[in-house]
Engineer: 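I have a structure here, written as C-alpha cells, and I will follow up with some questions on it.
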Amino acid sequence: MLPAGPYEHKQFEKEILDFWLAGGYYRPEYSPIADSVISTEEMKKDSRLPWCLICPPPNAYGRPHIGNISGYAYMDSMARYQRMNGKKVLVLPGKDHAGLEGEGVFVREVLEKQGRNKFDMKREEFYQEMMEFNFQNMEKGLQDEKNIGLSADFSRNTFTLDPDIVDTVLETFVQMYKKDMIYKGVRIVNWDPKARSVVADNQCVREERDGSLYYIKYPIVSSDESLTVATTRPETMFGDTAVAVNPKDKRFASFIGKTVRIPLTDIEIPVISSFRVLEDFGTGALKITPAHSQDDYQIMMEWNKENTDKTIGYQNVIDKRLTLVGKTPEKYKGRKYKEAKEEILKDLTEQGFLVKEEKVKQNVLIAERTKALIEPLMSSQWYLKYDSIKEESKKMVNDGRINLFPESMVDKFNFWMDNLRDWAISRSLWWGYRLPVWYAGEVKEEIDDNGEVRELIRTSNLTRKLNSEVTVEHARVEDAEAIHRINVDGWHDNFVDEAAGVTLERIQNEFGKRYDNSEAIEKHKADIVSPNYKYLVAKSNGEVIGWAITENLNIDDTKWFDVYVDRNWRSKGIGSTLLDAMISELPETTFHLAVPEKSPAVKFYENYGFVEYDRNSENEYGLPIIQMKKLPEWEEVEYGNENHIKVQQDSPGEGWIQDEDVLDTWFSSGQWVYATLKKYDLMDTFFPSDVMVSGFDILENWISRMIMFTYFHEGKEPFKNVYLTGLVQGTDGQKMSKSKGNMIDMDKIVAEYGTDAVRLAYFYQNSAGASYSITPEKLKNFRGFLNKIWNASKFVLNNEQYIDQSVILSLSKYDIDSLKLDLSKKVLTHINEVNIHITENIEKYQLGLATFNLYQEFWHTYCDILIEESKEYLWDKKDKETGAIISSPKAEDRAEVSTVMIFALKSYLKLLHPFIPFITQTIWNEVPKDETDHKVLMYSQWNVK
RNA sequence: GGGCAGUUAGCUCAGCUGGUAGAGCGCCCCGUUUACACCGGGAUGGUCAUAGGUUCGAAUCCUAUACUGCCCACCA
C-alpha cells in the first residue's frame, strides 16, 4: 500500500538508494536470475549481451558541477534501459587529476591559504600532499554521483593517476616515441621569468600600463626610401624576420615583396602582408618578431601557409634569463634587454632611425601568480604527430563505426581532424604524469648565434664514488651560523658588496618588493669579511637559504669547499649563479658540498656539474655530503641516441635525470576507455564500449583524441556511439556565473524538488547538443508530475484486489481481441503505442522527446482520459447525500478494467524508470508482480524487445 | 579571422530525413473534491530572425545577411 498524501521524495529516495547500493545491482556481476553477485569469471561467461559505458572523469579535487551531473543522468538512463533489455551492464566511474587546473586549485585553495609556496616544497612532497587532497575530495564527488542515481559500478571507481592507469598511459608514450610519433619541437610559449616556468594562457592576465610607442625607420634595400614601423618593443628588433602591412592599405601596396634592412644591423627582411595588421594603428606597418610575440607568430604561420615559396622564419633574441642573444649585434649581446633597450634607443636616435616616441597605454600580459611580465619566447616542447592515426580515426566517424549525436557534430569533428596540427603534449607542472623521458645528465636550452633554440646535454660519469673520509672534517657549521643573520629574502639577483669585496646574491621577494639589505650587511660586515667566506646567502629568519662556501683546505692539490644549502631554497638559479662563479674562478676544481638532508641538491645540475650525493653519509654535524666534479663539455642532445636519452617508464639507473614536465591531461584522458578496462581485465567482454556521453564542447579535445589513441593502441574504435550533451545554463537562462548570481545550487534544488524532478529537468524537451536551463518553474512542474504519478498509482493500485489472472496473460501478449470492454482495448492499444514510440525515441537517443512524450501520454492520456473513464467500471455509485451504495459495476468488468489499468501502470513505471528511477522503484515495490517481473525495476523486462 | 550550432507563442523549449504550427509555465473563463488544488475542462496567443532561391507545397532543403552561444595547439 502506498501511503496517502502527496509524494514526498525525502521519505523514499534515501531508502531506495541504499537498497540499490546494498544489493550490488549496479555491478555487471549482478545476476538477476540468481539474484546475487556472481564472480567476474562467471559474469564473462554469462549469456547476457554486454553493454558498457565509461564515464568521463570529472575533476577529482572537487564536487562534480551541474554539467557533470546532468551527464550522469543521461548515462544512467541509458544504462538502466539496457539492463531492462537483459544486458550485463558496466558503467565505470572515475576521476581525473586535471593537470593544470587541479594543481592550480591546490596551490590557491590549500597551500596559499596556509601561507605556503609550492616552490618551497620538494616535488615528491607536493605530489604526495596533492594526492591526499584529491583522495579526500573524491569521496564527496562520488556521493553526488550516487545521489543523482547514477547506477555505476562504484567498486571500480578509478582515478587517472592510479598506478595501473599510469602504466598504460606511459607505455603508450613509449610506444609512440618508438614509432617516431613523439618528438621534440620548438614553439612560442609564455615564459614567466620569475617562476622560471612556462605558464598557460589562462594563467595570465592583461594589465594596462603606460608605455611608449617608438616609430622606427627601416630603410628599403637599394633605395632611398624607408618604411616606418611603430613598436613598443624596439629591443626585439634584431629578431624581426619581416615587416607586415595590411594588403588593403593603399599606402603600402607597392612595398609588399620588397626588402628592408633592420637598423643597426645588416640583416635584410621582406615586407609581407597580413589582414591582422591594423591600418589605423601606429604607422600601419608592423615589425614581425615571431619568436617574441604571439600575434607575430600567428602572422608568420598564416603567411607561411599561404606563401610556401616565400616563407619567413623566426629569430630568438631573448633567452630565458631575459638576456639579448642570437643575432643581436655584439654591442648589445649578453646584456639584460631592459638595460640594452636604452642604448639601442640612443643609437637609433643618433643614427636617425628613431622618428618619434609616443606615450601610449598598452595592455601587457602578466603572470597571475607571480605578477611577472610575461616574455613570449620559443622553447622546445614535446609533440605528438597525428599523421599515422588521424585518417583512420576520421573514417570511423564518417563510415558509421562511431555515431555522433547530434549528427551535425560530424562536420565539426571533420573540420577539426582536417586541420590538426601536431599537438604539444608537455606541460610545466608537477601534478600529473611525469614524462617517461630520461636524460643521461643535465640538459639545458640555449639560443645559439643564429637565433636557434638548441638543447644541450652534459652526460655524467656515473662511476665515481664519494670519499667520505676526507669530507667530514671540512664542514663548518659554526661558521655558517655567524653568517646567516644577513637579511636577504625572496628572489635573487647579483650584486657586489664593494666594502666586503665579495659577490653576494641579493633577493627580491616574490611580491615584487625590493629588499634593501644594506643595513643588515653593514651590521654583519665583520662576518662577511671573514676570510673563510667567499659567497653566501641567508634568510632573515636565520636560515641559510642559499649557501655559504668556505675555501678552507688544500688536500692533494685539490681545493675543497663546504657549501651549506638550506632545503627551502627555491630556485635553480640561486645555486647555479654562484657555482658558475666558482667554476670560472677555479676551473679544475673538485667541489664539496654539505647540505641538509632534504635539500633538492639535484637542482644544482643545471649550470654546474655532476653531483655525487650519498644520502646515507653524514658529517660530524649530521649533514649528508655531496661531491661535485667538473663534467664533460656540453653537446647537442641527439634524440634517438640512447647515450643521451632513453624513453622508458622506470629510471635507467643512477645518474639519469627525468624530464621535469608532465603530460597534457588529454594525453591520459584520451586513453581512458581502454586504460580503465585493462585495469579490471575486462577488455575481452566490454571493449569497445557502447556509448560515450560528454559535453559537446570537448568533442575536439577529448572525443577525437580518444578515438585516435584507441585506434593506435587497440586498432579499434573506443565506443560505438557518442552522445553530446549541451551546456546547462543558469536559473535565468543565461550562462552560469557567480557574478550574475544565477548559479544553480544542486543541493538546494535536490532537497526542494527531489532527484527525479531534477533529472526530468535535464531530459525534458532537450535534444542532443542543445543548451538548456533549469528554472524553478520547470522544477515545480516536474515535481507536480511526480505527484501525478504517485496519485495515479495510488488510485490504480487501490483496485489490486480485483485482478483477474487470466486477463494478465492476454495482456502480456497484447492480445486485444481477447478483451471484452472497449475501454480495456483502448488502454492496451494505447500502452502498446506508447511502448513502441518511447522505445524508438530511446533507441535514437532522443531522450528529450521520450520524456516529453511520456509526460504528455501519462498525464493527459492515461490519467486524464483513461483513468477517468475507468472510474465507471471501478467505482460503486453512491447516493450523493447519504453516501449509500446505489449500484456496483459488474464484477467481471471491474476485474478486467482493474487488471488492465494495473498492467498499464506497470508498463509506464518501466518506461519511466530510466529517467525517474527513485519514484518508479518506490511504487514498483508495491505493485503486484508476476514471474517476468523483478523486484528491482531496472532488471525487469522492458516492454518492447 | 575560422569552424559548429542556435534564432519558433509573453517566458523556457520541442518539432525525429518538406505535407494544414506543438508542450510546459504565465494570463483569462469554467468545473470538480470516493488518486491528485503539486486537480480537471476550455480559451487567448506565432506571417517559425530577415531577404532571396528550389518545390505542387518550406519552420524543415539551398544561398546571403543580422544577432546569440560554443570551440580554435599549456582549461578540463
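Lettering of chains follows the sequences in order, A, B, ..., and the numbering in each one begins at 1. Computed from a predicted model, the values in this text were never measured in an experiment.
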Engineer: Are a donor atom and an acceptor atom from the side chains of A/Tyr183 and A/Asp422 found within less than 3.5 Å of each other?
Structural biologist: yes
Engineer: Just call it for A/Ser669: base, sugar-phosphate, or nothing, with non-hydrogen atoms closer than 4.0 Å on any strand.
Structural biologist: nothing
Engineer: So what's B/A5 paired with, Watson-Crick or G-U wobble, going by both distances under 3.5 Å?
Structural biologist: B/U68
Engineer: Map A/Glu700 and A/Thr665 onto RNA chain B by nearest heavy atom, then report which one ends up closer to the 5' terminus.
Structural biologist: A/Glu700
Engineer: For B/C70 versus B/C11, give the span between their C1' atoms, rounded off to a whole number of Å.
Structural biologist: 23 Å
Engineer: Would you please confirm or rule out a distance under 4.0 Å between OP1 or OP2 of B/A76 and any side-chain N or O of A/His97?
Structural biologist: no
Engineer: Using the C1' atom as the point on both nucleotides, what is the distance between B/G46 and B/G22, in whole Å?
Structural biologist: 11 Å
Engineer: Which of the following nucleotides, B/A76, B/A73, B/G3, is nearest to the side chain of A/Ala424?
Structural biologist: B/A73
Engineer: Mind calculating the distance between CH2 (A/Trp416) and P (B/C4) to the nearest angstrom?
Structural biologist: 15 Å
Engineer: Any idea which of B/A76, B/C38, B/A35 is nearest the A/Lys871 side chain?
Structural biologist: B/A35
Engineer: Within the side chain of A/Asn59, is there an N or O that forms a donor-acceptor pair under 3.5 Å with the backbone of A/Ala98?
Structural biologist: no
Engineer: Does some side-chain heavy atom of A/Arg894 sit less than 4.5 Å from a side-chain heavy atom of A/Leu874?
Structural biologist: yes
Engineer: Would you say the side chain of A/Phe173 lies within less than 4.5 Å of the side chain of A/Ile425, judging by non-hydrogen atoms?
Structural biologist: yes
Engineer: Just to be sure I understand the rule, does A/Asn701 reach a base, reach only the sugar-phosphate, or reach nothing, if contact means heavy atoms closer than 4.0 Å?
Structural biologist: base
Engineer: Looking at B/G40, which nucleotide sits across from it as a Watson-Crick or G-U wobble partner, both distances under 3.5 angstrom, or is there none?
Structural biologist: B/C30
Engineer: Taking atom C1' of B/G24 as reference, at what distance in whole Å does atom CG of A/Leu779 sit?
Structural biologist: 13 Å
Engineer: Given the C1' atoms of B/C13 and B/G52, what is the spacing between them in whole Å?
Structural biologist: 29 Å
Engineer: Could one point to a donor on the side chain of A/Gln856 or the base of B/A14 with an acceptor on the other under 3.5 Å away?
Structural biologist: no
Engineer: Assuming nearest nucleotide by heavy-atom distance, tell me which of A/Lys844 and A/Trp790 is located more 5' along RNA chain B.
Structural biologist: A/Lys844
Engineer: Whole Å only: how far is the CG atom of A/Asn841 from the P atom of B/A23?
Structural biologist: 17 Å
Engineer: Between B/A64 and B/G6, how far is it from one P atom to the other, in whole Å?
Structural biologist: 16 Å
Engineer: Can you see whether A/Tyr753 has A/Lys778 sitting over its ring - NZ or CZ less than 6.0 Å from the centre and within 45° of the normal?
Structural biologist: no
Engineer: Look at all strands and tell whether A/His837 reaches a base, only sugar-phosphate, or nothing, counting heavy atoms closer than 4.0 Å.
Structural biologist: nothing
Engineer: Checking all strands, does A/Asn798 fall into the base, sugar-phosphate, or nothing category for heavy-atom contacts under 4.0 angstrom?
Structural biologist: nothing
Engineer: Just how far, in rounded Å, is P of B/A5 from CZ of A/Phe415?
Structural biologist: 12 Å
Engineer: When both hydrogen-bonding distances must be under 3.5 Å and the geometry is Watson-Crick or G-U wobble, what is B/G57 paired with, if anything?
Structural biologist: none
Engineer: Can you figure out which of B/C16, B/A73, B/C25 approaches the side chain of A/Asn781 most closely?
Structural biologist: B/C25
Engineer: Can you confirm whether A/Asn781 sits close enough to A/Tyr855 that some side-chain heavy atom of one is under 4.5 Å from a side-chain heavy atom of the other?
Structural biologist: yes
Engineer: How far, in whole Å, is B/G40 from B/U55 if one measures between their C1' atoms?
Structural biologist: 45 Å
Engineer: Which whole number of Å gives the distance between the C1' atom of B/G69 and that of B/G10?
Structural biologist: 23 Å
Engineer: From B/C70, B/C36, B/G24, pick the nucleotide closest to the side chain of A/Phe696?
Structural biologist: B/C70
Engineer: Roughly how many Å is it from CG in A/Leu760 to C1' in B/A14, rounded to a whole number?
Structural biologist: 15 Å
Engineer: Of all the choices, B/A35, B/A73, B/C16, which nucleotide is nearest to the side chain of A/Arg187 once you look at every atom?
Structural biologist: B/A73
Engineer: Going by purine N1 to pyrimidine N3 plus the second Watson-Crick contact, or the G-U wobble pair, all under 3.5 Å, which nucleotide sits opposite B/U17?
Structural biologist: none
Engineer: Tell me if the aromatic rings of A/Tyr61 and A/Trp431 count as close, with their centers under 6.0 Å from one another.
Structural biologist: no
Engineer: B/U63 pairs with which nucleotide, Watson-Crick or G-U wobble, both distances below 3.5 Å?
Structural biologist: B/A51
Engineer: OP1 or OP2 of B/G24 versus the side-chain N and O atoms of A/Lys780: is any pair under 4.0 Å?
Structural biologist: no
Engineer: Mind checking A/Ala792 for me? I need base, sugar-phosphate or nothing, with any heavy atom below 4.0 Å counting as a touch.
Structural biologist: base
Engineer: When the distance from CE of A/Met417 to P of B/G2 is rounded to whole Å, what number comes out?
Structural biologist: 23 Å
Engineer: If we ignore hydrogens and angles and just use 3.5 Å, is the side chain of A/Arg783 paired with the main-chain N or O of A/Leu779 as donor and acceptor?
Structural biologist: no
Engineer: Please report the distance separating the C1' of B/C56 from the corresponding atom of B/G18, rounded so that it comes out in whole Å.
Structural biologist: 12 Å
Engineer: Choosing from B/G41, B/A73, B/A23, which nucleotide comes nearest the side chain of A/Tyr297?
Structural biologist: B/A73
Engineer: Kindly confirm whether the side-chain ring of A/Trp875 is stacked on the base of B/U34, judged by centres under 5.5 Å and planes under 30°.
Structural biologist: yes
Engineer: Give one of base, sugar-phosphate or nothing for A/Leu797, where a contact means two heavy atoms less than 4.0 Å apart.
Structural biologist: nothing
Engineer: Between B/A5 atom C1' and A/Ile698 atom CD1, what is the distance in whole Å?
Structural biologist: 17 Å
Engineer: With the side chain of A/Trp859 defined as its heavy atoms from C-beta on, choose the nearest nucleotide among B/A73, B/C39, B/A76.
Structural biologist: B/C39
Engineer: For A/Thr160, run the side-chain hydrogen bond (donor to acceptor under 3.5 Å, both in side chains) check against A/Lys95, A/His97, A/Gln671 and tell me which one passes.
Structural biologist: A/His97
Engineer: Closest approach to the side chain of A/Ile867, judged atom by atom: which nucleotide of B/C38, B/A35, B/C39 is it?
Structural biologist: B/A35
Engineer: Taking the side chain of A/Asn787 as its heavy atoms from C-beta onward, which of B/U12, B/C36, B/A23 lies nearest to it?
Structural biologist: B/C36
Engineer: Using the P atom on both, measure B/U8 against B/G3 and round to a whole Å.
Structural biologist: 24 Å
Engineer: In whole Å, what is the span from the CG atom of A/Asp411 to the P atom of B/G3?
Structural biologist: 12 Å
Engineer: Could you please name the option among B/C38, B/C4, B/A73 that lies closest to any side-chain atom of A/Arg783?
Structural biologist: B/C38
